[in-house]
Amino acid sequence: MTVLQTGEPSPVTLIHAQAAGDILLICEHASNHFPKSLGSLGLNEEATRSHVAWDPGALGVSLHLSKLLDASFIHQNYSRLVYDCNRPPSAHDAMPARSEVFDIPGNHNLSQDDRDARTNAIYRPFETALADFIKARREASRPPFIITIHSFTPIYHGKKREVELGILFDQDTRLANAILRSSTDENDLIIRANEPYSPTDGVTHTLQTHALPFGLHNVMIEIRNDLIETEDQQRAMAEKLSRLFTAAIAQISAQDGSRTTGA
């Protein structure tokens with residue numbers, strides 16, 4: 001099966017490859033676009049525009065952050081329902097048959113060939129772009145701080161979520177803890193560690209694959225999507241996050257005496 005046809009967008013975009021900042025921003029769920037070959041996976045417009053298909057607002061926030069921090073930025077260009085690039089190919093929810101309250105007809109009873117085709121078309125190019133960029137920065141003695149940007153729905157399975165900004169981490173807590181220490185200055189937000197998800201939910205694949213093996217500072221950011229619906233909200237959130245990231249990296253730089261933010 002040919003997943004992507006000639007003339008369709010690349011599965012991955014790299015922005016500001018030569019940026020001077022120390023941060024690499026990553027957005028695995030930036031788009032709700034579907035390949036022509038798959039249609040809309042049997043979903044109506046409401047579903048394809050909802051949070052199950054992508055992370056609304058995350059791309060806009062990331063683009064603003066990239067400018068504010070002079071940071072390189074890599075993002076995915078297809079819906080996470082086609083392939084969730086924050087999941088390994090072995091994960092059942094890499095191509096979910098159901099996501100929250102939405103049934104995904106086009107993901108029912110996928111053959112191994114179907115799964116392999118999507119993996120090779122969507123996931124492998126994204127993973128290769130990340131790995132190559134990080135390798136080049138490490139070889140240039142500029143190992144990046146890895147920050148992935150996500151958004152989450154205020155209501156999940158009928159339950160309201162109070163948290164507004166989640167600071168998620170896996171085994172390496174250094175950057176997350178520095179951000180949390182700096183977050184007292186942003187007291188207009190409800191900020192919590194490892195909420196609304198945690199590593200037990202299988203959400204730290206990118207961090208596990210591209211940061212932890214190399215000892216790179218890393219964190220996953222979750223923003224409640226009702227706070228970033230508009231361009232102005234996305235810009236305002238990016239400004240808050242920029243302050244948090246800059247202060248956190250300054251703490252780390254002071255501790256090891258060898259890093260600058262580049263912001």
Side-chain angles (χ1 to χ4, degrees), residues 11-12 24-32 41 47 50-56 58 62 74-76 78-104 106-110 112 114-116 118-131 134 146-159 161 163 165-177 179 192-225:
V12 57
L24 170 60
L25 297 166
I26 301 170
C27 192
E28 301 99 323
H29 306 150
S31 175
N32 63 344
L41 297 177
S50 78
H51 67 278
V52 300
W54 63 326
D55 283 356
S62 299
I74 294 177
H75 68 82
Q76 172 53 261
Y78 290 92
S79 171
R80 64 180 172 190
L81 297 178
V82 177
Y83 189 104
D84 186 334
C85 283
N86 195 28
R87 302 291 190 277
S90 59
H92 73 278
D93 53 354
M95 293 159 261
R98 187 171 182 81
S99 183
E100 202 210 353
V101 298
F102 293 90
D103 192 51
I104 319 298
N107 285 350
H108 286 188
N109 303 314
L110 293 177
Q112 190 59 51
D114 291 333
R115 295 181 69 89
D116 290 346
R118 294 199 202 176
T119 298
N120 292 331
I122 306 295
Y123 176 76
R124 297 298 180 198
F126 184 75
E127 288 297 287
T128 298
L130 282 178
I134 292 168
I146 305 294
I147 301 179
T148 68
I149 305 295
H150 297 256
S151 71
F152 65 95
T153 179
I155 306 292
Y156 189 67
H157 285 290
K159 184 177 180 180
R161 288 161 154 173
V163 61
L165 182 65
I167 311 300
L168 280 59
F169 52 87
D170 200 282
Q171 297 177 23
D172 183 349
T173 65
R174 295 172 295 170
L175 182 53
N177 284 342
I179 291 173
R192 294 176 183 164
N194 276 343
E195 290 190 31
Y197 305 107
S198 74
T200 59
D201 298 304
V203 299
T204 56
H205 172 65
T206 297
L207 304 185
Q208 291 176 352
T209 303
H210 297 286
L212 295 181
F214 310 109
L216 301 177
H217 294 276
N218 65 91
V219 73
M220 177 177 175
I221 302 298
E222 284 277 4
I223 310 162
R224 209 174 69 192
N225 65 31

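Given the structure is predicted, the values throughout are model-derived calculations rather than measurements. Positions are given from 1 along the sequence.
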Open item on the list: Under the criterion side chain to side chain contact (heavy atoms under 4.5 Å, CB included), I'd like the reasoning laid out for His210 against Glu127: C-alpha separation, chi angles, the key distance, then a yes or no.
Closed with: CA-CA 9 Å; His210 297 286; Glu127 288 297 287; 2.8 Å; yes
- [ ] Kindly indicate, with the supporting measurements, whether the criterion side chain to side chain contact (heavy atoms under 4.5 Å, CB included) is fulfilled by Gln171 and Leu207.
- [x] CA-CA 9 Å; Gln171 297 177 23; Leu207 304 185; over 6 Å; no
TODO: Verify side chain to side chain donor-acceptor pair (under 3.5 Å) between His217 and Asp172, making sure each step is shown before the conclusion.
DONE: CA-CA 7 Å; His217 294 276; Asp172 183 349; 5.1 Å; no
Open item on the list: Using side chain to side chain contact (heavy atoms under 4.5 Å, CB included), reason through His108 and Asp103 one step at a time and then give a plain yes or no.
Closed with: CA-CA 9 Å; His108 286 188; Asp103 192 51; 3.0 Å; yes
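Pro11 is listed as a side-chain neighbour of Tyr78, based on a closest heavy-atom distance under 4.5 Å. Side-chain contact check for Ile147 versus Ile221: some heavy-atom pair is nearer than 4.5 Å. Side-chain contact check for Met220 versus Thr206: every heavy-atom pair is 4.5 Å or farther apart. Side-chain contact between Phe152 and Tyr197 is present, with at least one heavy-atom pair separated by less than 4.5 Å. The side-chain heavy atoms of Ser151 and His51, taken from C-beta on, include no pair separated by under 4.5 Å. Within the 4.5 Å cutoff, the side chain of Tyr83 has heavy atoms near those of the Pro89 side chain. For the pair Ile149/Asp55, no side-chain contact is recorded, criterion being any heavy-atom separation below 4.5 Å from C-beta on.
Of the candidates Asn177, Ile179, Asn194, Ile167 forms a side-chain contact (heavy atoms from CB on, under 4.5 Å) with just one, namely Ile179. Among Arg87, His150, Glu28, the one residue that satisfies the side-chain contact (heavy atoms from CB on, under 4.5 Å) test with Val203 is Arg87.
In this structure, Thr148 OG1 and His75 NE2 are separated by 15.0 Å, a value rounded to the nearest 0.5 Å. Atom NE2 of residue His157 and atom CD1 of residue Ile155 lie 12.5 Å apart, to the nearest 0.5 angstrom. Atom CZ of Arg118 sits about 4.5 Å away from atom CG of Asn107, to the nearest 0.5 Å. The line from CD1 of Ile104 to CG of Leu81 is 4.5 Å long, rounded to the nearest 0.5 Å. Rounding to the nearest 0.5 Å places OG of Ser62 at 12.0 Å from CD1 of Ile74. For the atom pair CG of Leu24 and CD1 of Ile26, the computed distance is 4.5 Å after rounding to the nearest 0.5 Å.
Considering every non-hydrogen atom in both Val219 and Leu175, the closest pair reads CG1-CD2, 3.8 Å. Here the shortest heavy-atom pairing between Ala30 and Trp54 reads O-CE3, 3.3 Å. The minimum heavy-atom distance linking Met95 with Val82 is given by the pair CG-O, 3.3 Å.
Remark: side-chain polar atoms of Arg80 are not paired, donor with acceptor, to backbone N or O of Cys85 under 3.5 angstrom. Judged by distance alone, with hydrogens and angles left aside, the side-chain atoms of Asn218 form no donor-acceptor pair with the main-chain N or O of Ile146 at under 3.5 Å. Side chain of Arg161 to main chain of Arg224: no donor-acceptor pair is present (N/O by atom type, distance under 3.5 Å, no hydrogens or angles). A donor-acceptor pair is defined here as one N or O able to donate and one able to accept, closer than 3.5 Å; such a pair exists between the side chain of Ser79 and the backbone of Ala53. Using a distance-only test at 3.5 Å, with no hydrogens or angles considered, a donor-acceptor pair links the side chain of Ser50 to the main chain of Ala47. Side chain of Glu100 to backbone of Phe102: no donor-acceptor contact under 3.5 angstrom is found.
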